[in-house]
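Naming: A, B, ... by sequence-line order, numbering from 1 per chain. In what follows, every heavy atom counts, from backbone to side chain, and hydrogens, waters and symmetry copies are set aside. This one's a predicted model, so the numbers in the text were calculated from it and none came from an experiment.
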There are 2 protein chains.
Amino acid sequence: MADLDVPRRRGRGRPRDPETDSKITRAAAELLLLRGFDKTTVDEVAARAGVGKATVYRRWPSKEDLAVAAMETLYSAEFPEPDTGTIEGDLAANYRSFIAFANTDTGLAYLRMSITESLRDERIAALYRSSTERRENDARASLRRAIERGEVRRDADVDTAVQYLGGIVTARVILGRPLPQLEDVDTLVQFTLRGIRR
Amino acid sequence: MADLDVPRRRGRGRPRDPETDSKITRAAAELLLLRGFDKTTVDEVAARAGVGKATVYRRWPSKEDLAVAAMETLYSAEFPEPDTGTIEGDLAANYRSFIAFANTDTGLAYLRMSITESLRDERIAALYRSSTERRENDARASLRRAIERGEVRRDADVDTAVQYLGGIVTARVILGRPLPQLEDVDTLVQFTLRGIRR
DNA sequence: ACACTAACGATACTGCTAGTTCCGGAACCG
DNA sequence: CGGTTCCGGAACTAGCAGTATCGTTAGTGT
């Protein structure tokens, strides 16, 4: 989203410091996760990044564009697609990486921030949706493989099963309840599977 | 929360218009549900209520106090505690009234607003928590009766079962996905029960 | 070398939004 | 009536997004 206005004639004048972009997005992300969009000011972001405000606005046309760019850098957390051979193993591996993420300071702040701002800004909502869908797609793929193997009933509602596991985390983040821990993963997965096993 | 500063000597001076309080909280609630806290201005609330801004601030010391008072008036939605004799019946009745609520314009807006602002304001979080807990307590009571009757395993994780059903709605509100409908209730309840039946 | 150009940090400035307070007048009590 | 509180509208104010300017700096191209 940055560099929309690439200069016509490259190579003339002082080049942009290649590290400045990431210094700014990192500072923005930290403040956004800490305080949310409305309570984060561009002045603060610039100060924390150690740059002038003009340097920020040379890269992104508005605070909102900056916020989206900053969230994009966080959003890239990778979840491996597991294929352990059993549906318990796959689902547990998938869920375990999510639970581990949600139990870090950054992960929890990311979820809180995304949930709050999703209802305010459509682009942030799209980012959150797509990070959620990526994770869910892996789980769905595992479930479909399990159906082929005969572990899971053919008429199982795959979408619902997947959303159960994610929904419980979402709901607890909002309510400020303690999140599921790694040692709870197997129990929750078993619980969910019981509904759709053959 | 209003009238913290009740005048020492009542009956002196011009009395407050008894309808003004509710006119203001109603206007505030409408705008809060429509736009959320940050995008709602006290000017708008006063204009919509047909009063001056000073009249608002005579009653609540800050915009945040007003918002809490406005949410309190909405929070009183009642859900009947069902006791149909079977666990399917109880859970379905409980969930059905929640799904019906979530599928109204006001209900959906209430959930969206509560979810967003819960992470911003602890008092609104407390309101949302207590409306959620009231509903969950009913479901938990049903499940405990079912355990006594022998319909449900004694070691069933009652809390988790209850949170599954609520969590799926929460997650879908945030992601902007279509909510479960009344005709989906039985399926979802059956799905959940399969995990904990004897 | 040297002129040219764009980026840089700092700072001041502008325009606007929105929370909060002030004011002159009106309503009500005793 | 006199004192008190309420009322709506207007004024005040702080904060902040976004822009402009300045002296400086790090490159490019000849």
**OP:** Choose from C/dA18, C/dA27, D/dT25 the nucleotide whose nearest atom is closest to any side-chain atom of B/Arg14.
**Re:** C/dA27
**OP:** Under 4.0 Å between any heavy atoms, over every strand shown, what does A/Ala46 touch: base, sugar-phosphate, or nothing? Just pick one.
**Re:** nothing
**OP:** Can you figure out which of D/dC7, D/dG18, C/dG19 approaches the side chain of B/Thr41 most closely?
**Re:** C/dG19
Original post:
Do B/Tyr164 and A/Thr192 have side-chain atoms, one donor and one acceptor, less than 3.5 Å apart?
Top reply: yes
**OP:** Please state whether the phosphate of D/dG8, meaning OP1 or OP2, lies under 4.0 angstrom from any side-chain nitrogen or oxygen of B/Thr55.
**Re:** yes
Subject >> Pairwise 5' ranking along DNA chain C for B/Thr40 and B/Pro15, keeping only the more 5' one >> reply: B/Thr40
Subject >> Distance in angstrom units between B/Asp17 CG and D/dG8 C1', rounded >> reply: 13 Å
Original post:
Counting only heavy atoms not in A/Arg149, do more than 12 fall under 6.0 Å of its CZ?
Top reply: yes
Original post:
Does a nitrogen or oxygen in the side chain of B/Arg16 sit under 4.0 Å from OP1 or OP2 of D/dT4?
Top reply: no
**OP:** With the side chain of B/Ser62 defined as its heavy atoms from C-beta on, choose the nearest nucleotide among C/dT20, D/dG27, C/dC22.
**Re:** C/dT20
Original post:
When you measure from the side chain of B/Arg58, which nucleotide among C/dC8, C/dT20, D/dC7 comes out closest?
Top reply: D/dC7
Original post:
At under 4.0 Å, does any side-chain N or O of B/Thr20 touch on OP1 or OP2 of D/dC7?
Top reply: yes
Original post:
Of the nucleotides C/dT5, C/dT21, C/dA12, which one has an atom closest to the side chain of A/Lys53?
Top reply: C/dA12
Original post:
Would the number of heavy atoms belonging to other residues, nucleotides or ligands and lying under 6.0 Å from CG of A/Asp105 be above 12?
Top reply: no
Original post:
Got a salt bridge between B/Arg96 and B/Asp186, using NZ or NE/NH1/NH2 to carboxylate O under 4.0 Å?
Top reply: yes
Subject >> Short side-chain N/O contact from A/Arg59 to OP1 or OP2 of C/dC8, under 4.0 Å >> reply: yes
